Enquirer: 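First, the structure itself, so that you have it in front of you.
Each chain gets a letter, A, B and so on, in the order its sequence line appears, and its residues count up from 1. Note: hydrogens, waters and symmetry copies are ignored here, and every other heavy atom, side chains too, is used. Keep in mind it's a predicted model, so treat the numbers as computed, not measured.
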Amino acid sequence: MADATDSHGSKPPRTDAAASREIRFRGGGFRPQSNRWAGIAVFIVLIALVEIGLRQGWISALTLPRPSAVGATLWQLWESGNLTRHLFPSLSRLAVGGAMGALAGIAIGVAIGLFGLARAGLVPLVAAIFPIPKIALLPLFVIWFGIGEGSKYALIALGTFTPTVVATFGAVDNVDRTLIRMGQSFGLTWWSIVRKIVLPGAMPGILSGLRVSLAIAIILLVAAEMLGAQAGIGAYILEAGSLYDLDRLFAGVVILSALGVTLSWAMGLLEKRVLRWRA
Amino acid sequence: MDLAVEGLGHRYGGTEVLRDISLEIPAGRILCVVGPSGCGKSTLLRMIGGLERPSAGRVVQIGEAPATSLNPLTFVFQDFALLPWRSVAGNVSLVLEDNALPRARRDAIIADVLARTRLSDFAHALPRQLSGGMKQRVAIARALAVDPAVLLMDEPLSALDAQTRELLMEDLIGLWSRTPFTAIYVTHNLAEAVRLGHRIAVLSRRPGQVREVVEIDMPLADRQAGDPELEAVQARLWDLMRDEARAADAELLDG
Ligand SMILES: Nc1ncnc2c1ncn2[C@@H]1O[C@H](COP(=O)(O)OP(=O)(O)O)[C@@H](O)[C@H]1O
Ligand SMILES: [Mg+2]
């Protein structure tokens with residue numbers, strides 16, 4: 001008891017080793033900090049290892065091209081103007097097909113989220129289409145839409161459509177019902193409620209669905225271009241592969257990776273802008 | 001414009017939630033509705049506001065709402081129901097945008113209600129930047145913007161801490177004293193009820209029935225926390241409610 005009264009006095013806190021010990025911190029971790037340099041460092045180390053391994057001969061030259069040779073190939077591609085010749089058609093296919101699929105997906109997803117009939121009628125259909133590897137449908141699309149751009153647009157559009165639908169109607173389902181009730185209680189029109197409450201409320205979910213859709217779109221783009229295209233990254237990679245030209249094959253792969261990184265970065269910017277209201 | 005609830009009853013599936021409720025809500029006065037949780041207070045309020053259909057009885061409006069009122073029956077929700085992606089001014093603007101008001105008129109209304117709720121400095125803040133009390137003031141500003149004939153408030157202060165609740169209660173009394181409004185104020189807090197209610201309807205546990213309607217004559221502006229007369233009324237209300245609340249508390253939620 002004497003001890004207890006002491007501790008209320010003005011004496012400094014006891015810090016002798018026997019009785020006191022600082023509380024051990026145990027709240028760390030589970031909160032990854034972003035550090036872009038770590039990502040870049042991983043790339044540099046890997047590339048350097050491959051380069052050194054190939055030069056020293058402990059990696060067989062048959063298995064991997066030299067990173068420096070791939071770099072030189074990329075440079076040539078750029079110098080000769082062939083990069084734009086291949087990249088431009090690819091990007092426009094991605095943009096047209098992706099936009100068609102995403103817009104249709106958002107529209108149908110919102111309809112499924114809002115109308116019982118659309119939900120009952122379309123959810124099973126979407127569930128049936130979702131697991132089909134869309135690449136398997138390419139020959140069919142060639143018959144329907146021709147060997148030209150049409151079949152490529154259709155393939156990319158269908159591939160982005162299903163994940164967008166699923167993400168969108170899930171996001172609409174998760175919109176806070178009390179906000180919708182609030183809109184009704186103030187006599188807002190149906191269209192106002194959809195535009196000002198449902199869509200913005202569903203936006204986080206729609207955007208993260210778009211991220212997935214975009215990655216799928218790139219995969220399908222390459223697949224479509226491998227099957228009958230004069231120009232495009234996919235055609236370029238296919239040609240390099242059939243000639244067993246590893247430098248060019250890897251140059252194509254690097255371009256695809258760069259495309260993926262750029263698009264995901266652009267999505268990040270878009271999310272930051274559109275979802276500024278979130279913490 | 002007065003409101004009357006006539007013989008209203010409701011069941012959700014097999015559960016009877018409200019039974020034979022009759023109430024009168026005269027213009028310019030505040031009716032508090034108290035009762036144990038789960039007795040159907042929110043359900044009753046939604047029915048009065050036309051958000052849900054009662055299975056029996058009806059809610060009638062007596063007389064016309066003032067022509068200036070953009071939304072005669074206006075809710076203030078317990079959880080504020082603000083759009084997180086809109087600023088304070090944007091949230092108020094939302095409920096005006098569907099009315100064909102000239103831009104300048106709309107801006108004037110927004111400025112006016114934000115001033116009345118002391119939010120003018122926060123017009124451009126987002127909801128996540130505001131404290132709970134400020135969020136509810138935004139919701140009140142939004143409700144005032146449509147010039148309601150009747151305010152329907154569902155436990156508007158329950159999500160707030162005691163100090164904020166006291167401040168907002170004074171705000172509400174101030175707003176009412178300057179321009180008396182009609183309100184139905186649902187709460188389970190008896191202290192709020194005796195401070196704000198001209199009349200207090202006590203509901204029984206589920207199925208909610210009106211057990212008693214208590215009138216308090218003291219003007220709102222004169223009511224202080226701890227006033228003996230109010231304490232006496234509060235004690236009486238608690239007597240009425242105690243057994244109901246205890247029984248309600250022991251029931252299964254989905255019973
Ligand atoms: N939409 C609903 N469907 C089914 N039961 C409901 C619904 N809303 C409320 N209830 C039930 O009705 C009863 C009354 O609810 P509520 O009006 O919210 O009570 P209070 O607001 O008085 O706490 C509760 O038992 C609740 O579970
Ligand atoms: Mg309630």
Enquirer: Could you check whether atom CZ of A/Phe115 has more than 12 heavy atoms from other residues, nucleotides or ligands sitting under 6.0 Å from it?
Expert: yes
Enquirer: In Å and rounded to the nearest 0.5 Å, what is the CG to CG distance from A/Leu179 to B/Leu94?
Expert: 10.0 Å
Enquirer: Could you list which of residues 57-86 of chain B have a heavy atom closer than 4.5 Å to any heavy atom of chain A, in residue-number order?
Expert: B/Asn71, B/Leu73, B/Thr74, B/Phe75, B/Phe77, B/Asp79, B/Ala81, B/Leu82, B/Leu83, B/Pro84, B/Trp85, B/Arg86
Enquirer: Looking at B/Leu126 and A/Arg276, what are the two nearest heavy atoms and their distance?
Expert: CD1-O, 4.4 Å
Enquirer: Can you measure from CG (B/Asn91) to CE (A/Met182) and round to the nearest 0.5 angstrom?
Expert: 6.5 Å
Enquirer: For chain A, which residues from residues 99-123 of chain B have at least one heavy atom closer than 4.5 Å to it?
Expert: none
Enquirer: Give a yes or no on whether B/Glu24 atom CD has more than 12 heavy-atom contacts from other residues, nucleotides or ligands under 6.0 Å away.
Expert: no
Enquirer: Please look at A/Ile197 and chain B and tell me whether the side chain, the backbone, both or neither of the residue comes under 4.5 angstrom of a heavy atom of that chain.
Expert: both
Enquirer: For the candidates A/Ser185, A/Gly201, A/Ser192, A/Gly187, which exhibits the highest count of non-hydrogen atom pairs separated by less than 4.5 Å from chain B?
Expert: A/Ser185
Enquirer: With a 4.5 angstrom heavy-atom cut-off, which part of B/Val95 approaches chain A: side chain, backbone, both or neither?
Expert: both
Enquirer: With a 6.0 Å cut-off (strictly less than), is the heavy-atom count around CG of A/Leu117, excluding the residue itself, greater than 12?
Expert: no
Enquirer: How far does CZ of A/Arg181 sit from CD of B/Glu52, to the nearest 0.5 angstrom?
Expert: 5.5 Å
Enquirer: Taking side chain as everything from C-beta outward and backbone as N, CA, C, O, which of these in B/Arg142 sits under 4.5 Å from a heavy atom of chain A? Side chain, backbone, both or neither.
Expert: both
